[in-house]
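In what follows, a structure is listed as structure tokens, so that the remarks can point back to it.
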Amino acid sequence: MVKELIVQTAGQGLEEITTEVQAQVRAAGVTDGLCTLFVRHTSASLVIQENADPSAKKDLERWLARLVPEGDPFYTHDTEGPDDMPAHIKAALTATSLSIPVLDGALALGTWQGIYLWEHRRRGGSREVLIHIGR
């Protein structure tokens, strides 16, 4: 089963999608298997991260912004603005796909783990995530 999840983002940052992905796992009726996620963009990524304390999310966002700053004179690719190349680098440093085991009909995430789409562009927008669920 492959489904498409559309995630609306307001701008740079982590958007939790755990609930939506888990709903697709339940709908698939797969008891034990694998859920694979793939983001269809070069300026967004996917991560599994702590979802209990919002300060962890904020710290990750600030750390990556410091690691890959906008306005670096080294960049030549700026067709869509000053966040264009930094967004591509951030996506390259993180992940465009994730694989999560499915056990007893649920995502086998740890207690404090959540699935996030990480928007790297300031303007945000509509992002496509493909969800493949198999036995």
Side-chain angles (χ1 to χ4, degrees):
M1 174 180 143
V2 177
K3 293 289 184 178
E4 182 180 62
L5 173 64
I6 303 297
V7 181
Q8 297 296 327
T9 66
Q12 292 175 338
L14 292 155
E15 298 284 336
E16 188 167 6
I17 60 171
T18 312
T19 301
E20 294 87 345
V21 174
Q22 181 58 52
Q24 293 300 322
V25 169
R26 278 194 299 279
V30 172
T31 306
D32 296 309
L34 187 66
C35 175
T36 303
L37 307 173
F38 176 74
V39 63
R40 299 176 73 179
H41 302 277
T42 60
S43 56
S45 56
L46 298 166
V47 295
I48 294 175
Q49 202 42 251
E50 178 177 333
N51 66 355
D53 184 346
S55 68
K57 184 172 95 163
K58 201 166 217 39
D59 287 347
L60 282 167
E61 292 167 350
R62 286 194 321 239
W63 178 83
L64 193 57
R66 185 176 70 186
L67 182 66
V68 186
E70 291 181 18
D72 189 319
F74 186 75
Y75 306 142
T76 58
H77 179 72
D78 60 1
T79 307
E80 297 180 60
D83 66 339
D84 196 2
M85 193 62 219
H88 294 303
I89 294 170
K90 291 171 182 178
L93 291 174
T94 50
T96 56
S97 67
L98 299 172
S99 294
I100 305 160
V102 174
L103 298 173
D104 298 322
L107 294 167
L109 293 168
T111 303
W112 308 115
Q113 288 182 320
I115 305 165
Y116 291 88
L117 178 126
W118 200 337
E119 175 62 68
H120 301 303
R121 298 302 304 269
R122 277 191 268 143
R123 72 171 185 258
S126 182
R127 298 300 191 164
E128 302 167 12
V129 178
L130 295 181
I131 305 170
H132 175 263
I133 303 161
R135 297 178 204 267

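What's counted below: heavy atoms across the whole structure, side chains too, no hydrogens, waters or symmetry copies. Predicted model, so just to flag it, every value in this text is computed and none were measured.
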Checklist entry - To the nearest 0.5 Å, how far apart are CG in Asp59 and CG in Leu64? => result 12.5 Å

Checklist entry - Between Arg127 and Arg121, is a side chain to side chain contact (heavy atoms under 4.5 Å, CB included) present by the stated rule, with each step listed? => result CA-CA 11 Å; Arg127 298 300 191 164; Arg121 298 302 304 269; 3.5 Å; yes

Checklist entry - Taking only residues two or more places apart in sequence, or in another chain, which ones meet His88 in a ring-ring contact (aromatic ring centres under 6.0 Å, His included)? => result His77

Item to check | Check: Ile100 and Ile115 side chains under 4.5 Å, non-hydrogen atoms | outcome: yes

Next on the checklist: A side-chain contact here means heavy atoms from C-beta on lying under 4.5 Å apart; do Met85 and Glu70 qualify?
Outcome noted: no

Checklist entry - Are Lys3 and His132 close enough that some pair of their side-chain heavy atoms sits under 4.5 Å apart? => result no

Next on the checklist: Looking at Ala10, is its backbone amide N or carbonyl O close enough to the side chain of Glu119 to form a donor-acceptor pair, meaning the two atoms are under 3.5 Å apart?
Outcome noted: no

Checklist entry - How far apart are the closest heavy atoms of Gly124 and Thr9, and which atoms are they? => result CA-OG1, 3.2 Å

Can you give the donor-acceptor pairs under 3.5 Å from side chains of residues 24-38 to other protein atoms, not counting sequence neighbours?
| residue | atom | partner | partner atom | Å |
| --- | --- | --- | --- | --- |
| Asp32 | OD1 | Asp104 | N | 3.0 |

Checklist outcome for this item: What one should report as the nearest heavy-atom pair of Pro69 and Leu67 is CD-O, 3.4 Å

Checklist entry - Do Ile48 and Leu5 belong to the same hydrophobic cluster, where Ile, Leu, Val, Met, Phe, Trp and Tyr are linked whenever their side-chain heavy atoms lie under 4.5 Å apart, directly or via other members? => result yes

Next on the checklist: Run the side chain to side chain contact (heavy atoms under 4.5 Å, CB included) test on Leu46 and Ile17 for me, step by step, so that the C-alpha distance in whole Å, both residues' side-chain angles and the decisive distance to 0.1 Å come before the verdict.
Outcome noted: CA-CA 10 Å; Leu46 298 166; Ile17 60 171; 4.3 Å; yes

Checklist entry - Which heavy atom in Ala44 sits nearest to a heavy atom in Ala91, and how many Å separate them? => result O-CB, 3.7 Å

Checklist entry - Under 4.5 Å between any side-chain heavy atoms of Tyr116 and Thr18, yes or no? => result no

Next on the checklist: Is the shortest side-chain heavy-atom distance between Leu60 and Trp118 below 4.5 Å?
Outcome noted: yes

Item to check | Leu93 reachable from Tyr75 in the ILVMFWY side-chain graph, under 4.5 Å edges | outcome: yes

Next on the checklist: Hydrophobic clustering (ILVMFWY, side-chain heavy atoms < 4.5 Å, transitive) - are Val68 and Trp63 grouped together?
Outcome noted: yes

Checklist entry - Is any side-chain heavy atom of Ser45 less than 4.5 Å from a side-chain heavy atom of His120? => result yes

Item to check | Pairing of Asp83 and Arg123 as salt bridge, 4.0 angstrom limit | outcome: no

Checklist entry - Do Lys57 and Glu61 come within less than 4.5 Å of each other through their side chains, counting heavy atoms only? => result yes

Item to check | Residues in salt bridge (charged side-chain N to carboxylate O under 4.0 Å, His left out) contact with Arg40, at least two apart in sequence or another chain | outcome: Glu4, Glu128

Checklist entry - Under 4.5 Å between side-chain heavy atoms, hopping through other hydrophobics if needed: is there a path connecting Val39 to Val47? => result no

Checklist entry - Asn51 and Glu16: side-chain donor and acceptor closer than 3.5 Å? => result yes

Checklist entry - Do the non-hydrogen side-chain atoms of Leu14 and Gln49 ever get within less than 4.5 Å of each other? => result no

